[in-house]
Amino acid sequence: MNKNWCNTALVAYSALPKIVKELDFSLSRLVKSSFKSVHLKNGVSNLQLIGEIMEINDEKRKIVNMRFIVTTALERLSDTSKHVLIGRLFKKQTFKELAGEMNTSIRSVYRRFQDAEEEFAHLLKIGGYTESWFEREYGNDQYILPIKERFFEDKYLITKNQ
């Protein structure tokens with residue numbers, strides 16, 4: 001499995017609370033507009049309003065699914081891999097900080113990080129979450145796509161993987 005989707009899933013995982021908050025706000029706004037038919041006064045039909053609510057609910061389904069997928073894979077990682085990935089991606093620690101914490105060289109931490117990425121990608125793959133599955137499910141997602149694009153365009157958190 002390509003590391004770009006693997007890393008996209010990990011970075012997106014750290015942003016999920018913000019994404020859910022934004023989705024909840026949008027959903028709340030739409031539901032409130034249905035009271036006293038405010039949406040109709042603004043030129044939005046009932047059908048259009050229901051469609052927008054359904055789109056937000058589908059987006060939330062995807063986000064909940066992403067959380068489950070990443071959490072499950074993280075729980076199955078070896079302790080070292082989990083420590084390195086969580087430290088680097090979620091706690092935003094540098095390789096130097098992790099090396100000091102783990103009492104090892106920076107190069108060893110870098111190798112462990114690469115191994116952790118590969119282990120995580122393997123766990124996704126054996127769970128049925130392949131590159132093509134991620135592309136189908138999240139390839140055009142308005143929240144996940146910008147994260148993915150940064151991995152393909154930039155050196156973001158890791159060495160470019162192409």
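- In this view, Ile126 and His122, Leu123 satisfy the side-chain contact (heavy atoms from CB on, under 4.5 Å) rule, not counting sequence neighbours.
- Annotation: side chain of Phe113 is in contact with side chain of Leu85 (closest heavy-atom distance under 4.5 Å).
- Listed by chain and number, the residues in a side-chain contact (heavy atoms from CB on, under 4.5 Å) with Glu137 are Arg61, Lys62, Trp133 (sequence neighbours excluded).
- Qualifying side-chain hydrogen bond (donor to acceptor under 3.5 Å, both in side chains) partners for Ser132, counting only residues two or more places apart in sequence or in other chains: Thr130.
- No side-chain donor-acceptor contact under 3.5 Å links Glu52 to the backbone of Leu49.
- The side-chain contact (heavy atoms from CB on, under 4.5 Å) check on Phe25 picks up nothing, with sequence neighbours excluded.
- Legend: ring-ring contact (aromatic ring centres under 6.0 Å, His included) pairs involving residues 63-88, not counting sequence neighbours: none detected.
- Pairs passing the salt bridge (Lys or Arg N to Asp or Glu O under 4.0 Å) check and including a residue from residues 70-84, sequence neighbours excluded, do not occur.
- Annotation: side-chain hydrogen bond (donor to acceptor under 3.5 Å, both in side chains) contacts of Lys60 (sequence neighbours excluded): Asp24.
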CA sep, side-chain torsions, deciding dist, call: Lys148, Glu135, salt bridge (Lys or Arg N to Asp or Glu O under 4.0 Å) = CA-CA 10 Å; Lys148 176 192 161 211; Glu135 194 61 45; 3.1 Å; yes
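- Met54 belongs to a hydrophobic cluster whose remaining members, ordered by chain and number, are Ile50; membership requires side-chain heavy atoms of ILVMFWY residues under 4.5 Å apart, directly or through intermediates.
- Among residues two or more places apart in sequence or in another chain, the side-chain hydrogen bond (donor to acceptor under 3.5 Å, both in side chains) test is passed with Ser78 by Ser81, Glu119.
- Evaluation of the side-chain hydrogen bond (donor to acceptor under 3.5 Å, both in side chains) rule for Tyr143 yields Glu22 as partners, not counting sequence neighbours.
- A donor and an acceptor atom, one from each side chain of Thr71 and Tyr13, are located under 3.5 Å apart.
- With sequence neighbours left out, Arg29 forms a side-chain contact (heavy atoms from CB on, under 4.5 Å) with no residue at all.
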